[in-house]
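What you see is a predicted model; the values in this text were computed from it and never measured.
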Amino acid sequence: MTLFNLKNKVVIITGGSGALGSNMAKYLLTQGAKVVILGQTPQKVEQKIEKLKEVGDDILGFTGSVLEKAFLQSVKTDVINRWGSIDVLINAAGGNMPGATIGENQTIFDLKMEDFRKVSALNLDGTVLPSIIFGEVMANQGTGSIINVSSMAAQNIITRIAGYSASKAAIDNFTKWMSVELALKFGEGLRVNAIAPGFFIGSQNRRLLTNEDGSYTDRGNTIIKNTPMNRFGEPEELNGAIHYLASEASKFVTGTILAIDGGFSAFSGV
């Protein structure tokens with residue numbers, strides 16, 4: 001069915017060596033896409049590429065920072081030389097750090113501004129810069145889909161994660177702004193949307209949400225109580241939304257933030 005066809009679409013995934021990004025890469029390869037993953041750690045990127053080649057041969061990996069324009073420009077050149085186009089960009093790079101998080105016995109007045117700026121740069125600048133570099137290719141083609149990764153922390157107040165929340169809220173705004181900019185100036189073939197995952201257990205938040213025996217921490221239990229589906233998400237459960245936003249099935253969809261959260265954002269807690 002051509003509406004959902006991803007065969008031979010060239011997809012770049014920043015943060016593609018991470019848990020969510022690599023899972024997206026694996027899925028897209030099964031759908032016949034040509035996939036490029038970007039990551040910061042050479043060994044991690046190499047390991048992911050080796051694993052992904054078991055799924056499909058149309059996979060490339062590059063090591064560098066999404067905050068470095070020269071690196072992104074070189075990736076753009078290599079991808080265009082290899083495959084001739086860039087059809088989809090998934091901005092999955094991002095993260096948090098302790099200094100931008102309010103500890104259990106701290107208040108906002110203990111926030112470290114240096115770490116706050118670093119988290120802001122990684123999440124926001126690390127989405128804006130790739131969107132500009134790779135989005136320009138799409139603008140010249142007249143077609144393309146940019147998919148940003150927002151968070152439940154963007155629209156709902158999640159305690160403690162001050163820096164992460166602020167930068168993800170900015171991504172929501174940038175997603176809408178960029179969608180208008182591209183559609184007005186480069187035509188209806190350019191789309192910019194975001195997914196807003198609920199709570200998925202990964203390496204960065206595992207100790208925050210689960211104890212060593214696998215049981216939930218107090219914070220983990222609070223999240224589950226406020227998630228109507230009564231569980232955490234699985235990485236594979238992002239794939240349907242990514243497929244939809246990457247394909248022609250969403251050709252009249254732009255500027256949207258799609259929640260994938262088990263009902264968390266819909267629930268008032270009572």
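Of the possible donor and acceptor atoms, none in the side chain of Asp110 sits under 3.5 Å from a partner among the backbone N and O of Gln106.
The NZ atom of Lys168 sits 6.5 Å away from atom OG of Ser150, with the distance rounded to the nearest 0.5 Å. Between the OG atom in Ser120 and the CG atom in Asp115 there is a gap of 12.0 Å [rounded to 0.5 Å]. Atom CG of Leu72 is separated from atom OG of Ser65 by 7.5 Å, given to the nearest 0.5 angstrom. If you take CD1 on Ile242 and OG on Ser247, they are separated by 11.0 Å, rounding to the nearest 0.5 Å. Atom CG of Leu38 sits about 4.5 Å away from atom CZ of Phe71, to the nearest 0.5 Å.
Results of the salt bridge (Lys or Arg N to Asp or Glu O under 4.0 Å) test with Glu114 over Lys112, Lys118, Arg117 single out Lys118 as the only residue that passes.
Side-chain contact between Thr63 and Thr41 is absent, with no heavy-atom pair separated by less than 4.5 Å. By the 4.5 Å heavy-atom criterion applied to side chains, Tyr216 and Ile224 are counted as neighbours. Counting only heavy atoms from C-beta outward, the side chains of Tyr27 and Glu236 never approach each other to under 4.5 Å.
The minimum heavy-atom distance linking Ala153 with Tyr164 is given by the pair CB-CD2, 4.2 Å. Heavy atoms only, all atoms of each residue included: Ile37 and Ala25 are closest at CG2-CB, 3.8 Å. Closest heavy-atom contact between Ile201 and Phe232: CD1-CD1, 3.5 Å. Contact between Gly99 and Leu111 at its shortest, heavy atoms only, is O-CD1, 3.7 Å. Closest approach of Phe267 to Val270, counting heavy atoms only: CE1-O, 3.6 Å. Minimum heavy-atom separation, Ile257 to Ala196: CG2-CB, 3.9 Å.
With no hydrogens or angles considered, a side-chain donor-acceptor pair links Thr159 and Arg219 at under 3.5 Å. A donor-acceptor contact under 3.5 angstrom links the side chains of Asn239 and Asn23, judged on distance only. Inspection of the Asn91 and Ser131 side chains reveals an N or O donor paired with an N or O acceptor under 3.5 Å. Between the side chains of Thr127 and Asn148, no donor N or O sits under 3.5 Å from an acceptor N or O. Under the 3.5 Å distance criterion, with hydrogens and angles disregarded, no donor-acceptor pair is assigned to the side chains of Thr217 and Asn211.
Heavy-atom contacts from other residues, nucleotides or ligands closer than 6.0 Å to NZ of Lys176 number 12 or fewer. Within 6.0 Å of the CE atom in Met229, the count of heavy atoms belonging to other residues, nucleotides or ligands does not exceed 12. For Ile157, the CD1 atom sits in a loose shell: 12 or fewer heavy atoms of surrounding residues, nucleotides or ligands are nearer than 6.0 Å. Within 6.0 Å of atom CD in Gln73, more than 12 heavy atoms from other residues, nucleotides or ligands are found, so the atom counts as buried in its surroundings. Heavy atoms of other residues, nucleotides or ligands lying less than 6.0 angstrom from CD of Glu136 number 12 at most. Counting heavy atoms of neighbouring residues, nucleotides and ligands inside a 6.0 Å radius, atom CD of Glu50 does not exceed 12 of them. Within a 6.0 Å radius of CG in Asp57, no more than 12 heavy atoms belonging to other residues, nucleotides or ligands are found.
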For side-chain hydrogen bond (donor to acceptor under 3.5 Å, both in side chains), just list the numbers for Ser179 and Arg191, CA-CA rounded to whole Å, side-chain angles, deciding distance to a tenth of an Å, and then say yes or no.
CA-CA 6 Å; Ser179 72; Arg191 297 177 288 111; over 6 Å; no

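One hydrophobic cluster, built from ILVMFWY side chains closer than 4.5 Å, holds both Val192 and Ile86. Under a hydrophobic clustering in which Ile, Leu, Val, Met, Phe, Trp and Tyr are joined whenever their side-chain heavy atoms come within less than 4.5 Å, directly or via other members, Val35 and Val79 fall into different clusters. A continuous path of ILVMFWY side-chain contacts below 4.5 Å connects Val253 to Val149, so both sit in one hydrophobic cluster. The hydrophobic clustering, which links ILVMFWY residues whose side-chain heavy atoms are closer than 4.5 Å, places Val88 and Met24 together. Note on Leu129: it does not cluster hydrophobically with Ile13, by side-chain heavy-atom contacts below 4.5 Å among ILVMFWY residues.
Ion pairing of Lys9 with Asp87 is absent here, as no side-chain N (NZ or NE/NH1/NH2) approaches a carboxylate O to less than 4.0 Å. Of the charged side-chain nitrogens involved, at least one lies within less than 4.0 Å of a carboxylate oxygen, so that Glu237 and Arg231 count as a salt-bridged pair.
Among residues at least two apart or in separate chains, side chain to side chain donor-acceptor pair (under 3.5 Å) pairs with a member in residues 96-105 are Asn96-Thr101.
Ring geometry for His243 versus Phe4: interplanar angle over 60°, hence perpendicular rather than tilted (30 to 60°).
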